[in-house]
Q: 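The structure's right below; bear with me while I get my questions together.
Because only heavy atoms are used, hydrogens play no part in the values below, and waters and symmetry mates are left out as well, while side chains stay in. Order of the sequence lines sets the chain letters (A, B, ...), proteins ahead of strands, with each chain counted from 1.
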Amino acid sequence: MLIKSIHNIFVNLHAKFLKSCSMNKIVGKEYFSENVIKFEVEAPLIAKSRKAGHFVMVKVGAKGERIPLTIADADISKGTITLVIQRMGVSSTKLAQLNVGDEITDLVGPLGKATHIENFGTVVCACGGVGTAPMMPIVAALKKAGNKVITVLAARTKELIILEEQMKQYSDEVIVMTDDGSYGTKGLVTNGVESVINREKVDLCVTIGPAVMMKFVSMLTKKYEIPTVASLNTIMVDGTGMCGACRVSVGGKVKFVCVDGPEFDAHQVDFDEMLMRLGGYRDIEREDMERMQCKS
Amino acid sequence: MQNMLNLAEERAQEWRAELRASMKAKERTDLPRVHMPELDAEIRSRNNAEVNQGLTPEMAMLEAKRCLDCANPTCMDGCPVSIYIPKFVKQIEVGDFLGAAKTLKETSALPAVCGRVCPQEKQCEAVCIHTKMKKEAVAIGHLERFAADYERESGNISVPEVAAPNGIKIAVVGSGPAGLSFAGDMAKMGYDITVFEALHEIGGVLKYGIPEFRLPNVIVDVEIENLRSMGVKFLNNCIVGKTITIDDLKEEGFQAIFVGSGAGLPRFMSIKGENLVGVMSSNEYLTRVNLMDAANPDSDTPVFKGKHVAVIGGGNTAMDSVRTARRLGAERSMIVYRRSEEEMPARLEEVKHAKEEGIEFMTLHNPIEFIGNAQGRVTHMVLQEMELGEPDASGRRSPVEKPGFTETIEVDEVIISVGVSPNPLIPHSVEGLQISKWGTILVNDETMQTDIPMIFAGGDIVRGGATVILAMGDGRKAAAAMDRWIQSNKK
């Protein structure tokens with residue numbers, strides 16, 4: 001009898017364990033702006049094993065595309081992870097249409113190498129647009145490791161500035177930059193970063209955002225010889241090292257963002273090549289997007 | 001795991017003896033080898049239908065007559081999973097097709113797959129007694145496929161006998177041929193098997209790699225269902241070493257682990273222009289088309305449908321890629337290979353099919369540069385002409401450059417198919433595992449056991465890049481050895 005009940009406990013545990021690999025239920029949805037959305041998704045195993053810098057692959061629908069998304073936050077006790085997406089093409093639009101209670105068809109991770117965290121001294125975290133979301137856990141981890149963290153939040157205009165309050169919790173200082181001057185200081189992310197460099201010693205810069213933004217941050221910090229890490233978001237198919245679609249040139253060598261990255265020494269990254277490769281499917285994507293809009 | 005005594009006993013059974021006596025050996029060897037019916041090349045190069053159409057029952061029974069039911073069946077030595085070949089062939093000869101399918105499943109978890117993609121001409125058929133008499137081998141592969149297809153289409157799919165559950169939990173990492181073969185054998189012995197798969201689909205390379213026209217996905221799914229009905233559990237979207245660790249598995253009560261995580265990183269050539277848009281690995285190209293169904297307008301995954309496509313390499317994956325490109329509408333699809341056709345590692349059948357479908361073969365050519373336009377899209381490739389020099393370590397004559405002979409050819413898509421390195425996820429995430437300088441997991445050749453006793457491994461993660469059937473052989477070997485290891489630990 002006792003043996004049987006112990007056996008049952010094991011069977012239940014096993015069932016729970018198996019189930020927890022594949023639920024992906026959306027338990028929270030919040031709009032940061034019209035096109036920037038935060039999702040909280042049930043994924044207990046990923047929540048437990050992820051670290052700052054990790055990403056997941058997400059697929060919506062049976063015929064959906066696999067797209068990489070960097071994890072913005074996780075709650076181990078609730079068993080959830082946070083993803084922030086910007087509605088752009090077919091796949092992000094399909095994801096954006098999901099609501100609380102819906103399940104993401106496929107979700108796998110955590111993938112990539114975690115951010116290298118130590119006490120560097122003073123760190124400037126330069127983020128643009130939705131790149132702010134994956135920067136959150138990095139800022140938190142850097143702060144916890146004893147760094148002085150100065151976060152530069154940049155966007156085109158006021159409503160695209162996200163997570164300012166949360167960033168303030170973990171940063172020693174938050175500098176807000178908008179292109180149009182509708183909020184914070186008028187100017188680009190690089191102006192914000194340079195203002196810090198001009199006033200104090202910076203030991204490390206971390207940058208996440210659109211590739212072109214990271215390119216200019218990298219050029220700026222190279223001028224001042226400040227070590228810089230960029231988290232790259234390239235096209236991926238499997239996300240586990242199998243396809244090579246995500247390859248970038250780093251220091252003249254081919255690297256796979258999914259398994260060698262996503263973070264690299266920004267000064268070694270060939271951003272022009274990366275930008276060129278990111279645009280590779282633009283024509284096909286535009287056609288797909290038009291087709292989807294015709295259908296709806 | 002038939003021992004020789006059993007083989008001899010089975011062969012001595014009355015029906016086998018009578019069958020052998022019913023026809024003279026000379027009459028059997030005089031029969032010509034059956035020809036596999038194929039779809040017309042012109043039609044098939046425009047669709048995704050399977051090229052080989054399969055034998056009819058009459059064709060199969062006639063072909064089975066050619067087998068001499070040898071006392072010493074050398075064909076079995078040529079089979080990495082030791083299928084009881086004479087028995088299933090003779091069952092076909094007497095029309096017991098379902099019995100033949102059952103025999104296949106005694107040792108192979110995936111007969112319908114093996115019947116399609118195994119290089120039989122290098123294995124069982126290469127050592128068939130007919131070849132010693134300078135005659136064409138018995139078409140063992142075609143017969144295997146016939147029996148497996150017949151069973152599936154009959155609806156009477158037999159589930160192999162499974163021993164009473166022993167309650168011992170075993171984890172399998174990867175659901176490709178190595179993992180599936182291992183899972184099947186272990187389930188038969190009564191183990192409680194859970195297969196963990198990183199991708200959203202079960203089947204590994206059988207799904208993402210081999211195209212529909214050579215191995216339809218529905219065939220793979222039926223074999224997977226068969227394993228499910230034997231009690232094997234599958235869990236997709238779960239990466240061992242990332243989502244869960246080996247320690248998590250131990251905590252969950254798994255007593256041993258088989259790693260069949262397969263080939264990972266595609267190799268590139270490190271030449272100028274290789275990162276241009278439109279240049280990609282065969283893994284990327286085939287994964288888009290096969291796994292993600294990218295050629296289907298309903299799929300969200302895009303794929304380039306190049307008009308002038310060059311595939312670099314001479315293996316089966318190169319043939320799969322170039323033939324896929326043709327089917328996606330390429331006007332010109334070319335194989336570029338630095339050696340001559342004789343050295344090509346691809347199966348003869350694949351080369352033949354490719355040629356029939358209008359694939360150009362640029363042998364003794366090697367790309368040295370890709371050229372792109374202002375948008376970074378590839379527009380041309382520069383090829384160096386080669387000639388064959390002295391044989392190298394592999395015994396193949398090595399290609400050497402013909403100085404001054406280069407040509408530039410227009411292309412809008414280039415697919416690089418020059419091999420893969422093992423998937424780094426497990427080697428990177430399990431401490432204490434012995435890894436070779438090529439990134440493969442080191443195992444004991446006899447047992448497939450790693451330096452960590454509870455972890456066994458097989459397939460491309462150990463071999464670096466091999467075939468479906470060799471991976472399956474590894475899975476079988478590992479299953480037998482793991483069972484011995486677990487039983488001896490109990491004592």
Q: Where does Val420(B) contact chain A at under 4.5 Å (heavy atoms): side chain, backbone, both or neither?
A: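 No part of Val420(B) comes within 4.5 Å of chain A.
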Q: Looking at Ile416(B), Thr245(B), Leu291(B), Leu276(B), which one has more heavy-atom pairs under 4.5 Å with chain A than the rest?
A: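 Among the listed options, the one with the most contacts to chain A is Leu276(B).
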Q: Salt bridge check, Asp300(B) against Lys94(A): does any charged N sit closer than 4.0 Å to a carboxylate O?
A: yes
Q: Quick one: what part of Arg277(A) sits under 4.5 Å from any heavy atom of chain B, side chain, backbone, both or neither?
A: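 Contact with chain B involves both backbone and side-chain atoms of Arg277(A).
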Q: Does any heavy atom of chain A fall under 4.5 Å from the side chain of Asp293(B), the backbone, both, or neither of them?
A: side chain
Q: Can you tell me which portion of Lys253(A) sits under 4.5 Å from chain B's heavy atoms? Options are side chain, backbone, both or neither.
A: neither
Q: Both conditions, 6.0 Å and 45 degrees, for the charged tip of Lys169(B) above the ring of Phe254(B): are they met here?
A: yes
Q: Under 4.0 Å between a Lys/Arg side-chain N and an Asp/Glu carboxylate O for Asp460(B) and Arg463(B)?
A: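 So Asp460(B) does not pair with Arg463(B) through a salt bridge.
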Q: Let me know if Ser91(A) has heavy atoms under 4.5 Å from chain B in its side chain, its backbone, both or neither.
A: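 For Ser91(A), side-chain heavy atoms alone lie under 4.5 Å from chain B.
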Q: Give, as side chain, backbone, both or neither, the part of Arg66(A) having an atom under 4.5 angstrom from any heavy atom of chain B.
A: both
Q: Heavy-atom distances under 4.5 Å only: say whether Val205(B) touches chain A with side chain, backbone, both or neither.
A: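 Looking at Val205(B), nothing touches chain A.
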Q: Between chain A and each of Ser299(B), Ala294(B), Ser421(B), count heavy-atom pairs under 4.5 Å; write down the option with the most.
A: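 Max contact count across the listed options: Ser299(B).
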Q: Let me know if Ile235(A) has heavy atoms under 4.5 Å from chain B in its side chain, its backbone, both or neither.
A: side chain
Q: Heavy-atom cut-off 4.5 Å, strictly under: side chain, backbone, both or neither for Leu286(B) against chain A?
A: neither
Q: With a 4.5 angstrom heavy-atom cut-off, could you sort out which part of Phe304(B) is near chain A: side chain, backbone, both or neither?
A: both
Q: Given heavy-atom pairs under 4.5 angstrom as the criterion, report whether the side chain, backbone, both or neither of Leu425(B) touches chain A.
A: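 Only the side chain of Leu425(B) comes within 4.5 Å of chain A.
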